[in-house]
Number of protein chains: 2
Amino acid sequence: MQITRAAEYGVLGLTALARRPLGEVVMVDVLCAEEEIPRSFLGKIFQNLAKAGIVKSARGSGGGFSLSRLPGQITALEIIEAIEGPIAFQRCLDEDLGCEHSGGCALCSLLAVAQNRVKEVFHATTLSDLAGRHIPNSAVTRARGKSRGKIPLAAA
Amino acid sequence: MQITRAAEYGVLGLTALARRPLGEVVMVDVLCAEEEIPRSFLGKIFQNLAKAGIVKSARGSGGGFSLSRLPGQITALEIIEAIEGPIAFQRCLDEDLGCEHSGGCALCSLLAVAQNRVKEVFHATTLSDLAGRHIPNSAVTRARGKSRGKIPLAAA
DNA sequence: TCAAACCGGACGGATCTCGTCCGGTATCCT
DNA sequence: AGGATACCGGACGAGATCCGTCCGGTTTGA
């Protein structure tokens, strides 16, 4: 019952992209430096985002990634499902291959409701919502020196 | 982003218990036969439920498990968290050990909202809700013979 | 032609999942 | 007292998933 690092990194990387002028092509090196994400992992994640049409990739020298839509038109649900696959609290809730327990499985109904709630939340949030409020870690640590201790929560 | 089998089995086992007169002591062998759950696994799961105070255990001959409260007073949230540990979409959302990304992490806020939605759903559902609508698999297969083909969904 | 940058598959260690097994202990029955 | 019964609890283990890394291949620009 957790989000994967891949999805986390994917969202973070996209916010970094979304903070720039629309259409700007950025290398993964830049993005992962900005958000402190392992380089080759983020590369792999962005391959999925490209395949899902969220991001466009440009190869060769001067290449990189750019958003293929406005940040306000990309939902968190899209991003997360592009990386993790469809959100399904249980096997039988993904495609309707029927529940293995019984005809009217109460548990599956419950899980279906819960699952739809989180989908609603993710669907209602766009990348611009996320990018607006997010301050990249690298900026914070730079401003703070390298004190690696407890972080006073800023901004409620 | 999935519920574990353990939680699934736990809920199922408890519904079997909840269908009986309150306080009746039932062996795990009976419960797992009824719900078609591996015996030793369910035993282990019920240990957690006992530790969480959801179920009472009786040892020795004639022993087994019984609900320690009315089914209407046991929430799905309790059950699931007793088995899986606290629901936390991300490490930083469990106890407040602060987000590793930044002060005002937008992603964590989003995940927190989604997580609370599912907690609400689980909290609003009781064991009696689940037990009422659930027909154990064993009963279905008995009534149907051993046709292992596609199951026509009964009851909307 | 060369270097830059993404593509995509293989690999690998760590962790989690899904159980099983077995000796220990508490309880009941005779 | 002595068994038989049933839960307790820890160890074990196969398999899957997670979290990345690596490297050869391909595309592109200079």
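These numbers were taken from a predicted model, which means no experiment stands behind them.
One atom, CD1 of I3(B), and another, C1' of dT17(C), lie 14 Å apart when rounded to the nearest Å. The CG atom of L42(A) sits 14 Å away from the C1' atom of dT21(D) (whole-angstrom rounding). When the P atom of dT5(D) is taken as reference, atom CZ of R39(B) falls 13 Å away, rounded to whole Å. To the nearest angstrom, C1' of dG20(D) lies 13 Å from CD1 of I37(A). When the P atom of dG9(C) is taken as reference, atom CG of N48(A) falls 11 Å away, rounded to whole Å. Distance NZ (K51(B)) to P (dG10(D)): 7 Å, rounded to an integer number of Å. The separation between K44(B) atom NZ and dC7(D) atom P is 13 Å, rounded to whole Å. For the pair M27(A) CE and dC7(C) P, the computed distance is 14 Å after rounding to whole Å.
R59(B) is linked by a salt bridge (charged side-chain N to carboxylate O under 4.0 Å, His left out) to nothing, counting only residues two or more places apart in sequence or in another chain.
Here K119(A) does not pair with E78(A) in a salt bridge; the nearest charged N to carboxylate O distance is not below 4.0 Å. Comment: E24(A) does not engage K56(A) in a salt bridge, judged by the lack of any side-chain N to carboxylate O separation of less than 4.0 angstrom. For R117(A) and E120(B), the salt-bridge test fails: no basic side-chain N is under 4.0 Å from an acidic carboxylate O.
Comparing atom distances between the T4(A) side chain and each of dC18(D), dC7(C), dC22(D) picks out dC18(D) as nearest. Relative to the side chain of F41(A), the nucleotides dC7(D), dC7(C), dC19(D) differ in distance, and dC19(D) lies closest. Comparing atom distances between the S40(B) side chain and each of dT21(D), dC6(C), dT20(C) picks out dT20(C) as nearest.
Residues Q90(B) and E8(A) have side chains that bring a donor and an acceptor to within less than 3.5 angstrom of each other.
Here Y9(A) does not reach the OP1 or OP2 of dC19(D): none of its side-chain N or O atoms lies under 4.0 Å away.
Listed in residue order, the members of residues 52-65 of chain A having a heavy atom less than 4.0 Å from DNA chain C are S57(A), A58(A), R59(A), G60(A), S61(A), G62(A), G63(A), G64(A), F65(A).
Between the side chain of D129(A) and the backbone N or O of T125(A) there is no donor-acceptor pair closer than 3.5 Å.
For residues 11-52 of chain B, the ring pair (Phe, Tyr, Trp, His ring centres under 6.0 Å) pairs, not counting sequence neighbours, are Y9(B)-F41(B), F46(B)-F65(B).
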